[in-house]
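Some notes on the structure that comes next.
Convention: sequence-line order gives letters A, B, ...; per-chain numbering from 1.
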There are 2 protein chains.
Amino acid sequence: MDRTLGSNEADAAPEAGAGKQARRSATMRRRLCEAALDVLCEVGFQSLTTPMIAARAGVSRGAQTHHFATKTDMLVGAFEHLLQSWDEARHAAFGGRNLGEVPFEDYLRFVWREIFSKPSYVAALELMLAARVDRELGDRLRHALDSPASQRNLRWRQLLRFPDVRKEEQFQYMTLCLLRGMAIHASFNRSDDVNEAVLEAWIELAETVIAVERPERSVAAATERPRRKMRRVPGA
Amino acid sequence: MDRTLGSNEADAAPEAGAGKQARRSATMRRRLCEAALDVLCEVGFQSLTTPMIAARAGVSRGAQTHHFATKTDMLVGAFEHLLQSWDEARHAAFGGRNLGEVPFEDYLRFVWREIFSKPSYVAALELMLAARVDRELGDRLRHALDSPASQRNLRWRQLLRFPDVRKEEQFQYMTLCLLRGMAIHASFNRSDDVNEAVLEAWIELAETVIAVERPERSVAAATERPRRKMRRVPGA
DNA sequence: TTTTACAAACAGTCCAGTCTGTTTTTAATA
DNA sequence: TATTAAAAACAGACTGGACTGTTTGTAAAA
């Protein structure tokens, strides 16, 4: 906010010479994206303005328009920055660990705690809803999500390992939709009363589904009943 | 849009005299609320403006500000109008029928089809998200939801009839959150590919839960195991 | 005649995008 | 290495437009 950069002492020592401009540029872009995300969280999409972001980042409007020509550019940048921060959080929590050895409960609690329950996720939802009527924004947000989404699919493959991939995908989307809905609920009803219980209930339900869809003991069973519907669980 | 009202022939015949002003007022308010909702669906919360609404309703801005002094007033009005339209849709589908005799699947498919999958629901979500940073809007939307929400609780009581009310509430919120999330998914990813499958999967899962939580045969069982956790279903 | 319903213009604010000008970095050349 | 031209980074003002809330004025109802 009040940290000056560029002119005086900030980068007097750090590596001068090659690619200095590239570094300056990257720093500035990151700073603007962070500011944009902050502003988005604080005042919401409705009253977010580009001057606000520039002020928050402590840079001139000229610098902002140089790096992000339009408001949409700025928003997409903030969105990408958020996606990246999720990657970082995941890396901090699980590193390169194979998710196959992470219990479903642990992973679910992680994504809820570190992603969906944060205000920044609600901010992302605002963007996604705004995309409904802003074609360009929508296309660009979807594009930004392309790679992260397919990487997420891979992670959930590791995590769940259902023999029936379609079932697995359904289960993944179901969980995601549930978390999204919970995020809204938490945001709208200031009290987080039910969410903890719902999360717990879903974990139990999910573990049941997992147990049914993925019978650990016999690998053969995986191919024995392919394409089976997610049917009534008891029956015994 | 081009229907004039008030000045010429619109209400020449209809009952004149007592409460004429009240009727005029109610008509105008309804018209404005409908227009507001239309505009909200079409252009989104971000670019919705009060002049747009007045134009859409085909009335002067003076009339609008007379009935809805501020933009927030207008939005709350639109929200209440939407809630009311849900009541009407429900009444059209189930009348005064006791929901105890309506299969869960039927009811769920109804709310998805007639409420959550509509663009107007996404518009409502936009309002609810905007409420995150607009205290007044939030308070008023929550207030508008007070009565409908408690009525919804009663309906779900009828529908589910879990002996354990806490479990039932959890299940209700879980379903609601899931539907919310699905609505966003459908809105953001133009293709509705997975939603149908997810809905079906949830119905199956839900029926399992219902069967476990509500053992029809022995009413005594209801009190036999109270407060039981929604546990693994198989086990036989 | 007093209140309510409607009409239309107005005032103040503020935003997005553009444009002109200045400084820093880079690359090319001597 | 020193010099210089080009390009990129940054600064800040300006414009055209539009929106919200208000106000003044008129017709209809109570």
In Å and rounded to the nearest 0.5 Å, what is the [atom1] to [atom2] distance from [X] to [Y]?
X: A/Leu129; Y: B/Phe45; atom1: CG; atom2: CZ; value: 11.5 Å
X: B/Leu125; Y: A/Met128; atom1: CG; atom2: CE; value: 11.5 Å
X: A/Ile184; Y: B/Leu176; atom1: CD1; atom2: CG; value: 11.0 Å

Calculate the interatomic distance between [X] atom [atom1] and [N] atom [atom2]; express it in whole Å.
X: A/Arg61; N: D/dT15; atom1: CZ; atom2: C1'; result: 12 Å
X: A/Leu48; N: C/dC14; atom1: CG; atom2: P; result: 16 Å
X: B/Phe68; N: D/dT20; atom1: CZ; atom2: P; result: 15 Å
X: B/Ile53; N: D/dA18; atom1: CD1; atom2: P; result: 17 Å
X: A/Gln64; N: D/dC10; atom1: CD; atom2: P; result: 12 Å
X: A/Met28; N: C/dT25; atom1: CE; atom2: C1'; result: 15 Å
X: A/Lys20; N: C/dT24; atom1: NZ; atom2: P; result: 10 Å
X: B/Asp134; N: D/dT20; atom1: CG; atom2: P; result: 13 Å

If only atom types and distance count, is the side chain of [X] paired as donor or acceptor with the main-chain N or O of [Y] below 3.5 Å?
X: A/Ser187; Y: A/Ala183; result: no
X: B/Gln158; Y: B/Leu99; result: yes
X: B/Ser117; Y: B/Trp112; result: yes

Quiz item: Taking only residues two or more places apart in sequence, or in another chain, which ones meet A/Ser47 in a side-chain contact (heavy atoms from CB on, under 4.5 Å)?
Solution: A/Val43

OP1 or OP2 of [N] less than 4.0 angstrom from a side-chain nitrogen or oxygen of [X], does that happen here?
X: A/Thr65; N: C/dG17; value: no
X: A/His66; N: D/dA9; value: yes
X: B/Ser25; N: C/dA5; value: yes
X: B/Thr50; N: D/dT20; value: yes

Quiz prompt | Test item: side-chain donor near acceptor, A/Gln172 and A/Asn153, under 3.5 Å | solution = yes

[X] side chain, from C-beta outward: closest of [options]:
X: B/Arg24; options: D/dA11, C/dT25, D/dA28; value: D/dA28
X: A/His67; options: C/dA16, D/dC10, D/dC19; value: D/dC10
X: A/Ser60; options: C/dC15, C/dA7, D/dG12; value: D/dG12
X: A/Gln21; options: C/dC15, D/dA8, D/dA11; value: D/dA8

Exercise. Could you identify which residues of residues 70-80 of chain A place a heavy atom less than 4.0 Å from some atom of DNA chain C, listed by residue number, or say none?
Key: A/Thr70, A/Lys71

Quiz item: Which residues within residues 124-133 of chain A lie with some heavy atom under 4.0 Å of an atom in DNA chain C?
Solution: none

Quiz item: Which stems does DNA chain D form, counting runs of 3 or more consecutive Watson-Crick or G-U wobble pairs with both distances under 3.5 Å?
Solution: C:1-30 with D:1-30

Practice problem: May I ask you to check whether A/Phe104 and A/Phe171 place their ring centers less than 6.0 Å from one another? | Solution: yes

Self-check item: Pairwise side-chain contact, A/Arg29 with A/Arg24, heavy-atom cut-off 4.5 Å (strictly under)
Solution: no

Quiz prompt | Non-neighbouring partners of A/Arg142 that pass salt bridge (Lys or Arg N to Asp or Glu O under 4.0 Å), sequence neighbours left out | solution = A/Asp139

Anything under 3.5 Å between a donor and an acceptor, one on a side chain of residues 75-96 of chain B, the other on a protein residue two or more places apart or in another chain? List them.
from    : atom 1 : to      : atom 2 : distance (Å)
B/Ser85 : OG     : B/Leu82 : O      : 2.7
B/Asp87 : OD1    : B/Arg90 : NH2    : 2.3

